[in-house]
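Each remark here refers to the structure printed beneath this line.
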Amino acid sequence: MSRYNVRENEDKWRAAWTERAAFAVTEDSARPKYYVLEMFPYPSGRLHVGHVRNYTMGDVLARYKRARGFNVLHPMGWDAFGLPAENAAIASKVHPATWTYENIAVMRDQLRRMGIAYDWNREIATCHPEYYRHEQKMFLDFLQAGLAYRKESWVNWDPVENTVLANEQVIDGRGWRSGAAVERRRLSQWFFKITEFADDLLAAIKTLDRWPERVRLMQENWIGRSEGARFRFELAGRDDGVEVYSTRPDTLFGASFVAVSPNHPLAEEAARKDPAVAAFIQECSRLGTSEAVIEAAEKLGCDTGLKAIHPFDSSWELPVYVANFVLMEYGTGAIFGCPSGDQRDLDFARKYGLPIIPVVLPPGEDPASFAIGEEAYTGPGTLYNSRFLDGFEVTEAKRRAIAELERLGCGSGEVQFRLRDWGVSRQRYWGCPIPIIHCESCGTVPVPEADLPVRLPEDVSFDKPGNPLDHHPTWKHVACPSCGRPARRETDTFDTFVESSWYFLRFCSARDDHAFDRKAVDYWMPVDQYIGGVEHAVLHLLYSRFFMRALSRCGYADMAEPFAGLFTQGMVCHETYQDPEGKWLFPEEIRRADGGAVVTVEGERPVSVGRSEKMSKSKKNVVGLEAIVEGFGADTARLFLLSDSPPERDLEWTDGGAEGVWRFINRVWRLVTEPSVALPPAGTARPERIDPAADGVLRLVHKTIHAVTDDLEGFRFNKAVARIRELVNGLGELDPAAEGAGWVLRRGCEAAAQLLAPMTPHLSEALWKELGHDPLLVDTPWPEADAALLVDDMVTLAVQVNGKLRGTLDMPRDADRGLIEKAALDLPAVLRAAEGKPPRKVVVVPNRIVNVVV
RNA sequence: GCCCCUGUGGCGGAAUGGUAGACGCGGCAGACUCAAAAUCUGUUGUCCGCAAGGGCGUGUUGGUUCGAGUCCGACCAGGGGCACCA
C-alpha cells in the first residue's frame, strides 16, 4: 500500500510553481481582473492557525478564479508598525525594527510553506520608509484639503508610564501595566476629518451588497445618524446659557433636569467653586473613556446649584447637574433629562428625587391611569401634559417643538452623528512619524515635500517611560522650514490604522515611485473579495472607506468604495486545559489516559478541561503550525481548516479532525495510484457503452462538479469538501467489472484532483501528474459539468399522511399527478396510517413530496 | 445600559417551507495481523419491540401552514460590538 509522500511532493510542486512564476501578474486588459485580498497580518512572531485559515480561504478563491480564466491579483504584506514591537523592546531589549523584520522573515517562510498563491513581487512592509513616505505625503495633502487638523481631545493617561492608554488597557480604572489610577487628560492631537464624509459613508453602505449584513449594521450604528434639535437653556441669574442636543425635543414638557458632561466648561466652572463637584468629576475620570463602561455604570450626578430656564416657559426652572453618563464627545456635551421617556434619565430621577412627568401616552392607554413604573416609555403615542403639543403624534410633535424653538430663536433642528473625527496621534515610537514641525513663531509647519520621508531615528532607548521620540537627544530639534529658527518636530506618530487604510492600493503597483500608479489602481481596484476577521468590521474598514474618499478628493484616484466584496471569517478555537493549581497547559502537555480521564504528560496529574475558546497565548490553547505541517503537510492543515465548520463561524481545532483529513488525502492518493480497474490513457474518448451502474457514478461526478463550483462561489467551503468526499466515496464503490468503469473512474479522479486543487494544491498537482497529464494542473482550466448528466430520470418522492412520513415512492421524473396520487394512496403504509378514513385532500409537490390529508 | 448574532445526535456540522441528522470526528462490532499500528467492512439520535413496525425528537413556549429546524410572537441560555490591541 502506497502512502502519499507529503514532504517530497509539497516541496516539488511549490518549486514548480515558483519556476513558472505562476502567480506573478501584470495588468492585462484582455482578461477580466479579480483582486483577492486577505487582511495582512501584524508580524507578531509566527503564523498561527487563525492566520492560515484566513489565507487559505483567500487562496481557494484566488486559485479557483485563476482556473476560471481571471487575471488574479493576490498579494501579501505586513502591517508592521505597532505596539507589540515596543513591548518586546521593553521586555527583551531588542530594537523594534530588528524584532519586526525577524518576525517577518519567519512568517514569510511559514506562509510560503503553506503553498499560498501570492505574487511575492508585491510584498510590502508598512514600517519601511519606502512605504510610509507616501503616507506622510498623503497627510500633507489632507492637511491642505482641510481633511486633517489639530485639536484638543480627551484621552486615558497613565501618569506612571507617561503614556496614553487604550480603553482595553484600562482595567478597573487602572493602567494595565503600571496599576496606576488612570486620569482623563486633554491632549493636543491630529485628526482626520472623517465626519466630512459621514453622510456619504452612511448612505453608501446600501451599495455594499456583497458585504455581510452584520458588518453593514455595525457601521451604520457606528456612524449613528440621528435627527433632533440643538437649543439653548438660559441660566437663571446669568447672561449665558447651556446648549443641549436632543433627539426628543417633543418631550420637553417632561423635562425635570439639565445634565452636563463632567468635562463640560460649566462643570469645570462649578468644580472651582464647589469641592463636592470637583470630587465628583475626579471620580468620573476614573471610569475611562469607554462608552460601554460609562453606560453600564450606575447613573450618578452632582448638583451644580445652577438653574436652567425652560425654553417654553420662563417661569419653569430646572436644576443643572453634572452627570457621569453624559459624553462630552457627543452632541453638545449637555442634555435635558426627561425621565418618563428615557431609561437613563428615569434611573437618574429616581435616585435624586426629581419629578417624573409622563408626556407620551401609548396607544390604547387611559391618561388618567397611565403611569411610569420601572421602565421609561420610548415607544410611539400621543403627547399629553404638553400644552401646545397635546394631541399630536410623536413625529409631528417633534416637528412642532423644533418649529417653536426656531420661532423663539433659541435653537433649530439638527442632524447629529455619533461618528467622531479620527484621532491619529499616538505617543509611540514604532509608527509613521507625523511630518510636522512646531515653531514658536510660525506655529505648526508642514515638513516640505522635498524633505520626506521623515525617518524614525534608530538609536532610541526604551529605558524611560513615555515616548522615546520625545526624549531622544537630537531627533526632534530642527530648523523651522519657514523662518529657519530652532523648532521642534512633532514626536507623535500615526495610528497604525493609517497604514492599513491604503495598503491595498500600494499592492496595485508596489514598487512605484509614487504612492501608487494611477493606471494600475484603475485596473485592479476595487478589491473584488476582501477576507478577514470580523474584529475589523468597523474601524479598519471604515477608515479605508474614508481614505479612498479623501485620496479621491486630493486627486490620487477616483473611487469611493475600496472593497466590493467582504467576507468575515470566524476564529479558530481550541479546548483549554488547567492543572490542579489552575495553571494553563499547552495541548501537548496533556494526554488522555486509558479510562478517558485527562492527565498531564509529566506526572499524570489530573487536568480540568475548559470550553473551547479563541486560541490565545495567555491560555496556551494554541496548536503549533510547524508540528502539523511537519507531520501531515500544508494540504492537510489547509483542508481541515476549510472542512469542519462554515467559514464565517468559529472553527474548533481538533487533532482527530486533522487526522481524518490526513486519512482522506491518502485515500484519494490510493484511489488514483492503485485504481480498482485499469485507467485508460489520458484523453481517451468516451466509450460507446457505459453500464447503468457506472453511469450513475458518472452522473455523480458531474453533479459534484456542479455543486462544488456553486459552493466555492458562495463561500461554502465546508460543503464543497463534504461533496468531494461523497464523490470519492462513490468512486470507491464503483463496480470495477461494469462496462466503462475504467473510463468513468478516470473522469472521477480527474474531477476530484481538479476540484480539490484550490484547497490541496500540492496533492492535486501530484494526482494530476499520476493521471498522466503533463501540463501543470495550475495551468488547467476549471472542469465543466455536463448539464445533461445533472438530472435523473427517476425521483424518490416522500409520502406523508397528515404531514408525517409514512413511506417513499420511486417514480419517473415529472410523472403524471393522478398517477402519483394513486400510487401514494395504494401504499400499504399509507392505508395503515389512514385507518380506513378517505383522503380529504392530497397535496402533490412535483418530484418532491405527496401529503395525504385525512 | 444600548445594538447585534447563535442555540440541531456524544462532538463539528448538513437540510430552496417538503424524507431532520449529508459529510466528518468519536464509539461499538468484525476482517487482515503472532500481535500492534495502518487499512478495510458493517453499525451508531432516542425509547418500546424477538421482529415487522411504532412512539418521541432541532433551547422553552405559543401561533401561521396540508406540512415548520426553517416563517411570526414571547421567553431562556451562550456569544460578539460599543472609538488608542491589531
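In the text below, chain A, chain B and the rest are named by the order of the sequence lines, each starting its count at 1.
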Using the [atom1] atom on both, measure [N] against [M] and round to a whole Å.
{"N": "B:rG63", "M": "B:rG78", "atom1": "C1'", "answer": "26 Å"}
{"N": "B:rU44", "M": "B:rU6", "atom1": "P", "answer": "33 Å"}
{"N": "B:rU39", "M": "B:rC85", "atom1": "C1'", "answer": "48 Å"}

* To do: Specify the separation, in whole Å, of atom CD of A:Glu652 and atom C1' of B:rG10.
  =>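 Roughly 13 Å, once rounded to whole Å.
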* **Rounded distance (Å) that lies between atom C1' of B:rC3 and atom CZ of A:Arg214** =>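 Rounding to the nearest Å, CZ of A:Arg214 and C1' of B:rC3 are 13 Å apart.
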Side chains of [X] and [Y]: donor-acceptor distance under 3.5 Å anywhere?
{"X": "A:Thr496", "Y": "A:Trp430", "answer": "no"}
{"X": "A:Ser500", "Y": "A:Asp79", "answer": "no"}
{"X": "A:Gln219", "Y": "A:Trp211", "answer": "no"}
{"X": "A:Asp644", "Y": "A:Asn718", "answer": "no"}

State the pairing partner of [N]; accept Watson-Crick or G-U wobble contacts with both distances under 3.5 Å, and report none otherwise.
{"N": "B:rG7", "value": "B:rC76"}
{"N": "B:rC85", "value": "none"}
{"N": "B:rC71", "value": "B:rG63"}
{"N": "B:rU58", "value": "none"}
{"N": "B:rA15", "value": "none"}
{"N": "B:rA51", "value": "none"}
{"N": "B:rU41", "value": "B:rA29"}

Give [X] one of three labels, base, sugar-phosphate or nothing, depending on what nucleic acid heavy atoms sit under 4.0 Å from its own.
{"X": "A:Asp495", "value": "nothing"}
{"X": "A:Asn718", "value": "sugar-phosphate"}
{"X": "A:Ser643", "value": "nothing"}
{"X": "A:Arg725", "value": "sugar-phosphate"}
{"X": "A:Arg840", "value": "nothing"}
{"X": "A:Trp422", "value": "nothing"}
{"X": "A:His540", "value": "nothing"}
{"X": "A:Leu651", "value": "nothing"}
{"X": "A:Arg723", "value": "nothing"}
{"X": "A:Phe325", "value": "nothing"}
{"X": "A:Glu499", "value": "nothing"}
{"X": "A:Pro646", "value": "sugar-phosphate"}

* To do: Give the ring-plane orientation class for A:Phe640 versus A:Trp653, where under 30° counts as parallel, over 60° as perpendicular and anything between as tilted.
  =>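 Correct class here is perpendicular.
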* Asked: For B:rC56, does either OP1 or OP2 sit under 4.0 Å from a side-chain N or O belonging to A:Lys804?
  ->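 For B:rC56, OP1 or OP2 has a side-chain N or O of A:Lys804 closer than 4.0 Å.
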* **Presence of A:Arg832 side-chain N/O under 4.0 Å of B:rG54 phosphate oxygens OP1/OP2** => yes
* Residue closer to the 5' end of RNA chain B, A:Val538 versus A:Gln189 (nearest nucleotide) ->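 Its nucleotide being nearer the 5' end, the pick is A:Val538.
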* If you find the nucleotide of RNA chain B closest to A:Ser645 and the one closest to A:Asp79, which residue's nucleotide is nearer the 5' end? ->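 First, find each residue's nearest nucleotide; the 5'-ward one identifies A:Ser645.
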* **Distance-only donor-acceptor test, A:Arg806 side-chain atoms vs B:rU19 base atoms, 3.5 Å** => no
* Asked: Would A:Arg214 and A:Glu648 pass as an ion pair if we require N to O under 4.0 Å?
  ->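 Between A:Glu648 and A:Arg214 there is no salt bridge, as every charged N stays at least 4.0 Å from the carboxylate O atoms.
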* **Test: A:Asp495 and A:Arg426 ion pair at under 4.0 Å** => yes
* Asked: Between B:rC3, B:rC82, B:rU19, which nucleotide has the shortest distance from any of its atoms to the side chain of A:Asn221?
  -> B:rC3
* Asked: Which nucleotide in the list B:rU39, B:rC23, B:rA14 gets nearest to the side chain of A:Lys719?
  ->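 The closest nucleotide is B:rA14.
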